[in-house]
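Notes follow the structure.
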Amino acid sequence: MTIVDILEAWNAHLAQSRRRSPHTVRAYAATAARLLHTLPAGQSWATIARLDAGILRAHLAERRADGLGNVSAARELSALKTFIAFAREQSDDHRGPGDIGRPRLRGPRVKKGLPRPITPDEAVNLAETVADDASQPWIAARDRAVLLLLYGAGMRIAEALALPASVLPLGETIMITGKGGRQRVIPLLPIVRAGVEDYIRQCPWPLVKDQPLFRGAKGGALAQGMVQRAVARARTFLGLPATATPHALRHSFATHLLSAGADLRSLQELLGHASLSSTQIYTKVDTATLLDVYRNAHPRA
């Protein structure tokens, strides 16, 4: 069995059985390929299944020497453990003495930071400044519409850019497909619908049913990097911190809803989180915001 054979089977498992996103499939495949290229030739599922913690520790030590940070190292270790568990399932020898499934190796300690929301005024100003900086009126309308979807509907940037033109005409709600193929329905505020409709009226490219809704300057799908760079320029102009990214708009959507009284279960549905624990971090964000207000306003703080 060759490395190519192993990686093809691994990719198919991730994409079809686990329904991972294309980005995750690429990242997990690259992680597995790096490990396989450090092993002797002629690997099989059984030999991969028997890889122990010592081998993984040495492999990750080399990666850390190349500058891999704590967060990336922890993510890479998780991917390798999953890959070895998959190899164990493919192996005919499930009970060999060295077959341990997932090696017992702890990843580096990663401090889980809180999302940093921006204020409603900052979110609106960011969208308007990005639009003002655009090279053409239709691109200004496009960028504003995308950012309004992130803040007004809590979409991930990948979800907004993956919207097909078949979502038109827009109604009061929109169904999107998020991580893991999970679908959810999101209400659309009038200002968000108006922003998208303004883009539709100005877009010079035909919006065909199965094609992307948001187009790049040459008619192809709009890339995330274009939006990220436009936001980076706008936040510099507005004096916002480096944390004011497109994804911060989704954090702000969640934090502001929670502050206004939204319950965690409803927020979980709106954000498309698989588990409530992912949503609970926003209770900490809200507490952090309240503490900042207290410290800045209380005369004895």
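None of the values given here were measured: they were computed from a predicted structure. What you see below is based on every heavy atom in this structure, not just the backbone, and it leaves out hydrogens, waters and symmetry mates.
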Nearest-0.5 Å distance that lies between atom [atom1] in [X] and atom [atom2] in [Y]:
X: I174; Y: E159; atom1: CD1; atom2: CD; value: 10.5 Å
X: T173; Y: I186; atom1: OG1; atom2: CD1; value: 9.5 Å
X: L80; Y: R63; atom1: CG; atom2: CZ; value: 9.5 Å
X: S166; Y: L207; atom1: OG; atom2: CG; value: 11.0 Å
X: R182; Y: T177; atom1: CZ; atom2: OG1; value: 11.0 Å
X: L161; Y: M155; atom1: CG; atom2: CE; value: 10.5 Å

When clusters are formed from ILVMFWY side-chain contacts under 4.5 Å, directly or step by step, what else is grouped with M175? V185

Kindly assign one of parallel, tilted or perpendicular to the pair F86 and W45, based on the angle between their ring planes and the thresholds 30° and 60°. perpendicular

Whether H251 and H247 hold their rings parallel, tilted or perpendicular, with breakpoints at 30° and 60°: perpendicular

If only atom types and distance count, is the side chain of [X] paired as donor or acceptor with the main-chain N or O of [Y] below 3.5 Å?
X: D5; Y: T2; answer: yes
X: R184; Y: G178; answer: no
X: R235; Y: T243; answer: no
X: R215; Y: A221; answer: no
X: T31; Y: E76; answer: no
X: S91; Y: A87; answer: no
X: T38; Y: L35; answer: yes
X: H37; Y: A33; answer: yes

Closest heavy-atom contact between [X] and [Y]?
X: L56; Y: I84; value: CD1-CD1, 3.8 Å
X: V227; Y: L147; value: CG1-CD2, 4.0 Å
X: S78; Y: Y28; value: OG-OH, 4.5 Å
X: L150; Y: P246; value: CD1-O, 3.5 Å
X: A244; Y: I118; value: CB-CG2, 4.1 Å
X: A153; Y: L188; value: CB-CD2, 4.2 Å

Any side-chain heavy atom of [X] within less than 4.5 Å of one from [Y]?
X: L36; Y: I48; result: yes
X: E128; Y: R144; result: yes
X: L249; Y: V231; result: no
X: Q202; Y: Q136; result: no

Among all residues two or more places apart in sequence or in another chain, which pass the ring pair (Phe, Tyr, Trp, His ring centres under 6.0 Å) test with Y151? H256

For F214, check ring pair (Phe, Tyr, Trp, His ring centres under 6.0 Å) against everything at least two apart and list the hits. Y199

After noting the C-alpha distance and the side-chain angles of L51 and H59, does the key distance pass the side-chain contact (heavy atoms from CB on, under 4.5 Å) rule? CA-CA 11 Å; L51 295 177; H59 175 67; over 6 Å; no

CA sep, side-chain torsions, deciding dist, call: V192, L170, side-chain contact (heavy atoms from CB on, under 4.5 Å): CA-CA 10 Å; V192 177; L170 295 178; over 6 Å; no

In terms of hydrophobic clusters joined by side-chain contacts under 4.5 Å, are L148 and V124 together? no

Apply side-chain contact (heavy atoms from CB on, under 4.5 Å) to the pair L149 and V146, showing each step before the final yes or no. CA-CA 5 Å; L149 283 171; V146 170; 5.7 Å; no

CD1 of I3: more than 12 outside heavy atoms within 6.0 angstrom? yes

Go through it in stages, so that I can follow the logic: the residues are I139 and M226, the test is side-chain contact (heavy atoms from CB on, under 4.5 Å), and I'd like the CA-CA distance, side-chain angles, deciding distance and then a yes or no. CA-CA 11 Å; I139 291 179; M226 298 298 295; over 6 Å; no

Less than 3.5 Å apart, any donor N or O on the side chain of T129 or D132 sitting next to an acceptor on the other? no

